[in-house]
2 protein chains.
Amino acid sequence: MSMQQRNPMPLLRRGELATSVGCNLETVRYYEGIGLLPHPPRSQGRHRLYDADLVKRLRFILRGRELGFSIEEIRALLAIADGAGGCADVYALTTQHLDVVKRKIADLRKLQRILSETAAHCARDASPDCPIIEAMSAPPRAPQRRH
Amino acid sequence: MSMQQRNPMPLLRRGELATSVGCNLETVRYYEGIGLLPHPPRSQGRHRLYDADLVKRLRFILRGRELGFSIEEIRALLAIADGAGGCADVYALTTQHLDVVKRKIADLRKLQRILSETAAHCARDASPDCPIIEAMSAPPRAPQRRH
DNA sequence: GCTACAATCTGTAGAGACTACAGGATCAAG
DNA sequence: CTTGATCCTGTAGTCTCTACAGATTGTAGC
């Protein structure tokens, strides 16, 4: 008796994959083109067929993008996950990303506070003089960093 | 006695402005072109001259971009800050973006935890089998949202 | 098996937000 | 007043997708 399931997930086509992960149809082909997704197996008529691993990989990419990682950063993370490079690399890259993530969280928290205060203020009185520009245009105290 | 300072900030040129806020030289012109920054006064020789208000406005735009606002969202925020539209608009826009910001913070916190755990794990043993893909490729429980 | 319509194929073009370059004018330090 | 840095304008390129066009394939119903 084979260990393989009778229904091991029926191999998705490109449209099904896109729908199931919630991205645009063409994005899948784009990621394949730039080498983030491997060339998948094809049907007789050259239609791409995706298995569960590819679904997982695509979800990882999309999630990373949503969280503000660049394509190249994701490429690096994937390379690590694919086993290229040892634990030292993993440690370096993850802690490095961790710093970026921490900074973003701090920035967003600050923005959250500003937005809450602005909303509260604006809900109360009718002044057209909103504090948002003042609050958000403060010069950063840390050295400039551009992505 | 005038309230104006004798040295009210010496009017920056484009390069000085860009350096002082930490953005690219051409970005300033780009924002002027799409109407986020007003046409500044010029010198006799048509060189742009920026005062403190413009610096503040540009910093606001850049900060907004860093935090994930689109150009059009920033345009709306600036319009509000410029006094076009009432407090109802401010309230709507800010609370709306507050939701986005909250979700981003939550996502980033989760990623932070994953990255910390990965780093800790990888620092200890030499296994090339890192948990990062598994952790980050989990299907989202919330309905899909693409920007 | 045949028909019809959806889905996929390829290549290319467009959008959004910048960023770089070329050829010339201007500014300011010496 | 010279000279090298900075700025001018316009245009073209980059990055990350997204859309379209025309041809091919997949599949459900007859």
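Here is how names work: the chains are called A, B, and so on, in the same order as the sequence lines, proteins then strands, and each is numbered from 1. Keep in mind the model is a prediction, meaning the values are calculated, not measured.
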**OP:** Please check if the side chain of R14(A) supplies one atom and the backbone of L25(A) the other of a donor-acceptor pair under 3.5 Å.
**Re:** yes

Original post:
What integer distance in Å separates Y30(B):OH from dT14(D):C1'?
Top reply: 13 Å

Original post:
What is the distance from CG of L49(B) to P of dT6(D), rounded to the nearest Å?
Top reply: 16 Å

**OP:** Send over the distance from E72(B) CD to dA17(C) C1', rounded to a whole Å.
**Re:** 11 Å

Original post:
Got a donor-acceptor contact below 3.5 angstrom from the R109(A) side chain to the R113(A) backbone?
Top reply: no

**OP:** Between dA28(C), dT9(D), dT8(C), spot the one nearest the side chain of R48(B), thanks.
**Re:** dT9(D)

Subject >> R29(A) vs S43(A), nearer the 5' end of DNA chain D by closest nucleotide >> reply: R29(A)

Subject >> Minimum-distance nucleotide to T27(A) side chain [options: dT10(C), dC17(D), dC18(C)] >> reply: dC17(D)

Original post:
Mapping Q44(A) and E26(A) to their closest nucleotides on DNA chain D, which lands nearer the 5' end?
Top reply: E26(A)

**OP:** For salt bridge (Lys or Arg N to Asp or Glu O under 4.0 Å), just list the numbers for E72(A) and R75(A), CA-CA rounded to whole Å, side-chain angles, deciding distance to a tenth of an Å, and then say yes or no.
**Re:** CA-CA 5 Å; E72(A) 291 315 312; R75(A) 195 190 299 282; 2.9 Å; yes

Original post:
Starting at CG of L36(A) and ending at C1' of dC17(D), how long is that distance when rounded to a whole Å?
Top reply: 12 Å

Subject >> 5'-most by nearest nucleotide on DNA chain C - H47(B) or S70(B) >> reply: S70(B)

Original post:
Of all the nucleotides listed (dC18(C), dT18(D), dC17(D)), which has the minimum atom distance to the side chain of N24(A)?
Top reply: dT18(D)

**OP:** Look only at the side chain of R57(A) and the backbone of P38(A), and say whether a donor-acceptor pair between them is shorter than 3.5 Å.
**Re:** no

**OP:** Send over the distance from L25(B) CG to dA5(D) P, rounded to a whole Å.
**Re:** 16 Å

Original post:
Which of the following nucleotides, dT10(C), dC7(D), dT27(D), is nearest to the side chain of R13(A)?
Top reply: dT27(D)

Original post:
Which whole-number value in Å describes the distance from R46(B) CZ to dT26(C) P?
Top reply: 9 Å

Original post:
What is the distance from CZ of R14(B) to C1' of dT19(C), rounded to the nearest Å?
Top reply: 12 Å

Original post:
R42(A) or I71(B): which one's nearest nucleotide on DNA chain C is closer to the 5' end?
Top reply: R42(A)

**OP:** Measure from the side-chain N and O atoms of D99(B) to the backbone N and O of K102(B), and report whether any donor-acceptor pair falls under 3.5 Å.
**Re:** no

Original post:
Hey, does the side chain of R65(A) come within less than 4.0 Å of dC17(D)'s phosphate (OP1/OP2), counting only N and O?
Top reply: yes

Original post:
Roughly, in whole Å, what's the span from CG in L17(B) to C1' in dC7(D)?
Top reply: 13 Å

